[in-house]
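A quick write-up on the structure given underneath.
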Amino acid sequence: MALKVGVIGGGQLARMMIPAAINLGLDIRVLAETKDMAASLAASAVGDYRDLDTVLAFAEGLDAITFDHEHVPQPILRELVSRGYQVHPGPDALQYAQDKIDMRTRLSELGLPVPVWAKVETAEELGQFLADNGGAAVVKTARGGYDGKGVRVVRDAHDVDDWFTTLAEDGRGGALLVEELVDFRRELAQLVARRPSGEMRTWPVVETVQKDGVCVEVIAPAEHSTGMNEASRIGRAIAEGLNVTGVLAVELFETVDGRLLVNELAMRPHNSGHFSIDGSVTSQFEQHLRAVLDLPLGDTSPRAAWSVMINILGGPTDGTLADRYPAALAAQPSAKIHNYGKDPRPARKVGHVTVVGNDLDDVAYRARAAAAHFQ
């Protein structure tokens, strides 16, 4: 009988687990938020992941439960564990992906490199941090932000008064995370996979190119990187120190003076690892499924010297991505096109394009040219 894996969340990450599951002969089931989600091909249930009864009904008979996102509430995660379900990553790890202040606190306790940071509850506390750190900082909501949302660069203590007001009005208290405005030369990402039994594998560190807080391009491996070993060390230390199981993405700043600082964490397959579908011996999606089932992990070696992944953001203003296939495929036959089955919408991630090869300039040109057909 096939092993049964359940994925909570029906987005593109769950969608990209489906081919890997089919190849491994797994029975993959998805709890989608709505019936038209990207992973609807494997949606065995549609419902609210914040509702305990819905999640428990979905979990019945599964050998492992994993996630398309980190937003499942802690009480539901802990109830699943208390009933004997294999949840990967577990609630003790996911709490650090769900709350940025908890994450910064734990990474600091582990002695890992992070920006100068503080927990602030008032404009006065924020003002003191600004005064102590050059007059500029980054403020983040502790929960919920992604793709540039919930993040502001501030230079005045009252720049986030609306956020403080929201925290005061929700009746639960709370605080914001403030960090130094890091002087970095580029952003990197380190992917790690870890099994419950402890085996770990890493991919080469990659460079991520951001625009308006959203990743637009990934270069694998990062060009001229002198921090490969240090990035791997940091990623492994986080996976072990936080007891992460499955794929972990560690987003990093490479500072102008050559240091690496941890920016964000994602405890699931991640945009920075999409290149691995076409560019690695084992993709992050296959590896994630292996890891959550505690199966031996696969080889993460590159298939070619370089991979470049370009996100398709928004999509065409008229028609669908498929309407653009004839021109794109004819012009760039080496490009691999991944369509998430989403309706075009400004700034929405609706797909990506990957090209692999042995000359970076050529690979990057062909990937960008192919992606341009869909914008």
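Small disclaimer: the values here were computed from a predicted structure and weren't measured.
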For residues [X] and [Y], is any side-chain donor paired with an opposing acceptor at under 3.5 Å?
{"X": "Glu199", "Y": "Ser197", "result": "no"}
{"X": "Asn311", "Y": "Asn271", "result": "yes"}
{"X": "Asp48", "Y": "Thr54", "result": "no"}
{"X": "Gln95", "Y": "Asp99", "result": "no"}

Give me the one residue out of Lys342, Lys349, His274 that meets side chain to side chain donor-acceptor pair (under 3.5 Å) with Gln12.
-> Lys342
Centroid-centroid distance, Tyr325 to His373, less than 6.0 Å = no
Between Phe184 and Phe253, how do the two ring planes meet: parallel, tilted or perpendicular, split at 30° and 60°?
->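 The rings of Phe184 and Phe253 lie parallel, inter-plane angle below 30°.
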His338 vs His352 aromatic rings, parallel, tilted or perpendicular, using cut-offs 30° and 60°?
->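 His338 vs His352 ring planes: parallel.
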Please report the C-alpha distance between Arg29 and Asp27 in whole Å, then the side-chain angles of each, then the deciding distance to 0.1 Å, and finally whether the salt bridge (charged side-chain N to carboxylate O under 4.0 Å, His left out) criterion is met.
-> CA-CA 7 Å; Arg29 303 179 184 185; Asp27 181 350; 2.9 Å; yes
Would the distance check show the side chain of [X] and the main-chain N or O of [Y] forming a donor-acceptor pair, the cut-off being under 3.5 Å?
{"X": "Ser232", "Y": "Asn229", "answer": "no"}
{"X": "Gln287", "Y": "Leu297", "answer": "no"}
{"X": "Asp68", "Y": "Leu13", "answer": "yes"}
{"X": "Ser280", "Y": "Ser283", "answer": "no"}
{"X": "Asn23", "Y": "Ala20", "answer": "no"}
{"X": "Asp156", "Y": "His158", "answer": "yes"}
{"X": "Ser108", "Y": "Arg104", "answer": "yes"}
{"X": "Arg290", "Y": "Pro296", "answer": "yes"}
{"X": "Glu33", "Y": "Tyr49", "answer": "no"}
{"X": "Asp294", "Y": "Arg195", "answer": "no"}

Nearest non-hydrogen partners of [X] and [Y], listed with the distance:
{"X": "Leu176", "Y": "Thr141", "value": "CD2-CA, 4.1 Å"}
{"X": "Gly10", "Y": "Val30", "value": "CA-CG1, 3.8 Å"}
{"X": "Thr282", "Y": "Trp203", "value": "O-NE1, 3.2 Å"}
{"X": "Gly6", "Y": "Leu62", "value": "CA-CD1, 3.6 Å"}
{"X": "Lys119", "Y": "Ile101", "value": "CG-CD1, 4.0 Å"}
{"X": "Val205", "Y": "Ala189", "value": "CG2-O, 3.3 Å"}

Please report the interatomic distance [atom1]([X]) to [atom2]([Y]), rounded to the nearest 0.5 Å.
{"X": "Leu26", "Y": "Ile18", "atom1": "CG", "atom2": "CD1", "result": "12.0 Å"}
{"X": "Ile277", "Y": "Gln284", "atom1": "CD1", "atom2": "CD", "result": "7.0 Å"}
{"X": "Ile238", "Y": "Asn243", "atom1": "CD1", "atom2": "CG", "result": "14.0 Å"}
{"X": "Leu24", "Y": "Leu3", "atom1": "CG", "atom2": "CG", "result": "9.5 Å"}
{"X": "Ile22", "Y": "Ile28", "atom1": "CD1", "atom2": "CD1", "result": "8.5 Å"}
{"X": "Leu80", "Y": "Ile8", "atom1": "CG", "atom2": "CD1", "result": "6.0 Å"}

State whether the number of non-hydrogen atoms from other residues, nucleotides or ligands found under 6.0 Å of [X] atom [atom1] is greater than 12.
{"X": "Glu121", "atom1": "CD", "answer": "yes"}
{"X": "Lys4", "atom1": "NZ", "answer": "yes"}
{"X": "Glu109", "atom1": "CD", "answer": "yes"}

Less than 4.5 Å apart, side chain to side chain, heavy atoms only: is that true for [X] and [Y]?
{"X": "Gln98", "Y": "His71", "result": "no"}
{"X": "Glu251", "Y": "Thr208", "result": "no"}
{"X": "Phe67", "Y": "Met267", "result": "no"}

Would a hydrophobic clustering, with Ile, Leu, Val, Met, Phe, Trp and Tyr connected at side-chain separations under 4.5 Å, put [X] with [Y]?
{"X": "Val355", "Y": "Met309", "answer": "no"}
{"X": "Leu77", "Y": "Leu242", "answer": "yes"}
{"X": "Val5", "Y": "Met17", "answer": "yes"}

Yes or no on salt bridge (charged side-chain N to carboxylate O under 4.0 Å, His left out) for Asp318 and Arg324, after CA distance, side-chain angles and deciding distance?
-> CA-CA 10 Å; Asp318 60 305; Arg324 308 293 180 92; 3.3 Å; yes
Candidate pair Asp257 and Arg185, rule salt bridge (charged side-chain N to carboxylate O under 4.0 Å, His left out), full reasoning | CA-CA 9 Å; Asp257 58 359; Arg185 57 183 296 262; over 6 Å; no
Given side chain to side chain contact (heavy atoms under 4.5 Å, CB included), test Gln190 with Thr202 step by step and report yes or no.
-> CA-CA 7 Å; Gln190 176 65 66; Thr202 61; 3.5 Å; yes
Apply side chain to side chain contact (heavy atoms under 4.5 Å, CB included) to the pair Met200 and Val192, showing each step before the final yes or no.
-> CA-CA 7 Å; Met200 284 190 278; Val192 184; 4.2 Å; yes
Take Leu181 and Arg155 through the side chain to side chain contact (heavy atoms under 4.5 Å, CB included) test and state the conclusion after the steps.
-> CA-CA 10 Å; Leu181 187 60; Arg155 292 179 171 82; 4.1 Å; yes
I would like to know whether Glu217 and Val308 meet side chain to side chain contact (heavy atoms under 4.5 Å, CB included); could you show each step before the answer?
-> CA-CA 7 Å; Glu217 182 172 312; Val308 173; 4.2 Å; yes
Can we say Arg78 and Asp92 salt-bridge, meaning some charged N sits less than 4.0 Å from an Asp/Glu carboxylate O?
-> yes
Given the rule in the salt bridge (charged side-chain N to carboxylate O under 4.0 Å, His left out) test, do Glu179 and Lys140 qualify, once you have shown the distances and angles that lead to the verdict?
-> CA-CA 8 Å; Glu179 300 177 343; Lys140 300 178 181 179; 3.4 Å; yes
